[in-house]
**Q** 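Sharing a structure here in structure tokens format.
Fair warning: this is a prediction, and the values are worked out from it, not measured in the lab.
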Amino acid sequence: MRTELSKLHLRLGTTFIYVTHDQVEAMTMADRIVVMKDGFIQQVDTPQHLYETPINMFVAGFMGSPQMNFIEGKIIKIGGEFYVEFGSEDTKHRVGVKYTIKLPESKNVKGALEEYVDKEIVIGIRPEHIHDEPEILEKMPEGVVEANVEVTELMGAETYLYLTCEGHTLTARVAPTTTAKTNDTIKIAIEPAKIHLFDKETEKTITN
């Protein structure tokens, strides 16, 4: 039906307004999307820009399937460089792990990260930007963390891994050749360049 409507749109050459709760329909059919929540417009843009540069957590979570992963953490600054930190560490009982991932300089647009140093924020990462391939783990050591595999779903051309990492639930979209199995503890790489950061209170985007 999406294909037929797209053909009709091209043939008639007129403006269509299509209302849907299905982000796949919105992404595949629209030239521009108006994302609304509770009757208020959140963002108006092309599908690709909405996907890559969401203005807040609602838009970020709506665009993309499976939806973006959200992890509570904070921003720290070490030697003039910015990192995101998440997890918990109890050194007395030797339980838990605290992870730090170095952020690329490009994330500090107009000094956006400065005012959030040592403050709690929300880290966003899409499932397709979490990897378990050994060659990518080697190339991206700064983004490697450990996670427990709860469920795997083979989708044919790809596999979904449902993971837990330091109390956070994550979904990874990986190659069907993955060797990860339920109850495994595996290493995954979070792409630093693909991290989104959000203000924990306002849910507005700090940087994409």
Side-chain angles (χ1 to χ4, degrees), residues 21 23-24 26-27 33 35-38 40-77 81-88 97-132 136 140 142-148 150 158 160-174 187-208:
H21 294 282
Q23 62 90 22
V24 174
M27 286 285 286
I33 300 175
V35 182
M36 301 185 71
K37 179 186 179 186
D38 300 328
F40 293 93
I41 293 174
Q42 303 294 303
Q43 189 171 354
V44 183
D45 215 324
T46 64
Q48 194 64 32
H49 282 168
L50 286 174
Y51 175 82
E52 293 177 348
T53 57
I55 199 169
N56 56 33
M57 286 178 63
F58 178 80
V59 177
F62 180 74
M63 306 305 294
S65 181
Q67 76 167 35
M68 181 182 286
N69 298 291
F70 296 113
I71 305 168
E72 292 187 358
K74 71 176 183 178
I75 295 175
I76 60 175
K77 191 176 183 180
E81 296 180 314
F82 295 94
Y83 297 75
V84 287
E85 181 181 78
F86 68 94
S88 60
V97 178
K98 189 170 285 187
Y99 291 110
T100 57
I101 299 175
K102 183 181 174 182
L103 295 169
E105 291 182 10
S106 59
K107 294 295 179 186
N108 191 30
V109 179
K110 297 181 180 179
L113 302 181
E114 289 287 353
E115 64 177 286
Y116 287 94
V117 174
D118 295 326
K119 292 183 180 179
E120 292 187 349
I121 48 87
V122 177
I123 304 161
I125 189 73
R126 296 197 181 278
E128 54 268 38
H129 300 143
I130 299 177
H131 308 276
D132 71 339
I136 296 181
M140 228 176 280
E142 70 278 9
V144 173
V145 302
E146 279 195 349
N148 298 315
E150 297 211 316
E158 58 194 6
Y160 293 168
L161 302 181
Y162 297 95
L163 312 164
T164 56
C165 177
E166 289 304 302
H168 296 282
T169 301
L170 304 175
T171 303
R173 199 163 86 180
V174 300
K187 290 186 183 297
I188 56 173
I190 294 173
E191 283 192 56
K194 299 297 184 180
I195 285 176
H196 302 255
L197 299 176
F198 304 94
D199 186 298
K200 188 175 179 180
E201 293 183 3
T202 66
E203 298 189 355
K204 291 183 179 178
T205 300
I206 300 169
T207 183
N208 287 308

**Q** Nearest heavy-atom pair of Glu85 and Thr100: which atoms, and what distance?
**A**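 Shortest heavy-atom contact: OE2-CG2, 3.7 Å.
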**Q** Taking all non-hydrogen atoms of both residues into account, name the closest pair between Phe70 and Ala60 and its distance.
**A**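 Looking at all heavy atoms of both residues, the closest pair is CZ-CB, 4.3 Å.
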**Q** Where does the angle between the aromatic ring planes of Tyr162 and Tyr160 fall among parallel (under 30°), tilted (30 to 60°) and perpendicular (over 60°)?
**A**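 Because their plane-to-plane angle is over 60°, the rings of Tyr162 and Tyr160 count as perpendicular.
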**Q** Could you tell me if the side chain of Pro192 sits less than 4.5 Å from the side chain of Lys102, heavy atoms only?
**A**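 Of all side-chain heavy-atom pairs linking Pro192 with Lys102, none is under 4.5 Å.
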**Q** Contact between Leu103 and Ile195 at the side-chain level, heavy atoms closer than 4.5 Å - yes or no?
**A**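 Result yes, sub-4.5 Å side-chain heavy-atom pair found.
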**Q** Could you measure the distance from the CD1 atom of Ile121 to the CG atom of Asp199? Nearest 0.5 Å is fine.
**A**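 Between atom CD1 of Ile121 and atom CG of Asp199 there are 9.5 Å.
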**Q** Any side-chain heavy-atom pair from Glu52 and Asn208 closer than 4.5 angstrom?
**A**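 No, side chains not in contact.
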**Q** For the residue pair Phe86 and Tyr99, categorise the inter-ring angle as parallel (less than 30°), tilted (30 to 60°) or perpendicular (more than 60°).
**A**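 Aromatic pair Phe86/Tyr99 classed tilted.
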**Q** To the nearest 0.5 Å, what is the distance between OH (Tyr83) and CD (Glu142)?
**A**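 With rounding to 0.5 Å, OH (Tyr83) is 10.0 Å from CD (Glu142).
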**Q** Does some side-chain heavy atom of Lys107 sit less than 4.5 Å from a side-chain heavy atom of Leu197?
**A**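 Not touching, per the 4.5 Å side-chain cut-off.
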**Q** Name all residues meeting the salt bridge (charged side-chain N to carboxylate O under 4.0 Å, His left out) criterion together with Glu114; count only those two or more places apart in sequence or in a different chain, and write none if there are none.
**A**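 So Glu114 forms a salt bridge (charged side-chain N to carboxylate O under 4.0 Å, His left out) with Lys77.
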**Q** Give the minimum heavy-atom separation between Asn69 and Pro127, together with the two atoms involved.
**A**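 So the two residues come closest at ND2-N, 3.8 Å.
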**Q** Hey, what do you get for CE (Met68) to OH (Tyr51), rounding to the nearest 0.5 Å?
**A**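 Answer rounded to 0.5 Å: 7.5 Å.
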**Q** Looking at side-chain heavy atoms only, is the closest gap between Pro54 and Phe62 below 4.5 Å?
**A**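 No; the side chains remain at least 4.5 Å from each other.
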**Q** For the pair His131 and Glu191, evaluate side-chain hydrogen bond (donor to acceptor under 3.5 Å, both in side chains) and give the outcome as yes or no after the intermediate values.
**A** CA-CA 8 Å; His131 308 276; Glu191 283 192 56; 2.7 Å; yes
**Q** For Glu120, does the CD atom have more than 12 heavy-atom neighbours from other residues, nucleotides or ligands under 6.0 Å away?
**A**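 Atom CD in Glu120 is not packed in, count stays at 12 or less.
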**Q** Could you report the tightest heavy-atom contact between Ser65 and Arg173, atom names first, then the distance?
**A**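 Looking at all heavy atoms of both residues, the shortest contact is O-NH1, 2.9 Å.
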**Q** Between atom CD1 of Ile101 and atom CD1 of Ile123, what is the distance when rounded to the nearest 0.5 Å?
**A**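 Answer rounded to 0.5 Å: 6.5 Å.
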**Q** Considering non-hydrogen atoms only, spot the tightest contact between Gln67 and Gly61 and give its length.
**A**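 Here Gln67 and Gly61 meet closest at CB-O, 3.2 Å.
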**Q** Is the shortest side-chain heavy-atom distance between Met63 and Ile33 below 4.5 Å?
**A**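 Contact flag for Met63/Ile33 side chains = yes.
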**Q** Give, for atom CD1 of Ile190 and atom CZ of Arg126, the distance between the pair rounded to the nearest 0.5 Å.
**A**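 Those atoms lie 14.5 Å apart.
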**Q** Is any side-chain heavy atom of Ile41 closer than 4.5 Å to a side-chain heavy atom of Met36?
**A**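 Heavy-atom side-chain distance check passes, below 4.5 Å.
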**Q** Are Asp118 and Ile76 close enough, and set up right, to give a side chain to side chain contact (heavy atoms under 4.5 Å, CB included), and what steps lead you there?
**A** CA-CA 5 Å; Asp118 295 326; Ile76 60 175; 3.9 Å; yes
**Q** How close do Gln42 and Asn56 get, heavy atom to heavy atom, and via which atoms?
**A**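 Shortest heavy-atom separation between Gln42 and Asn56 comes out as OE1-ND2, 2.9 Å.
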**Q** Are the side chains of Val144 and Ile188 in touch, meaning some heavy atoms are under 4.5 Å apart?
**A**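 No, too far: nothing below the 4.5 Å cut-off.
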**Q** Using modelled atom types and a 3.5 Å cut-off, is there a donor and acceptor pairing between side-chain atoms of Gln43 and backbone atoms of Val35?
**A**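 No, because the side chain of Gln43 does not come within donor-acceptor range (under 3.5 Å) of the backbone of Val35.
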**Q** Rounded to the nearest 0.5 Å, how far does CG of Leu170 lie from CD1 of Ile71?
**A**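 Going from CD1 on Ile71 over to CG on Leu170, the span is 5.0 Å.
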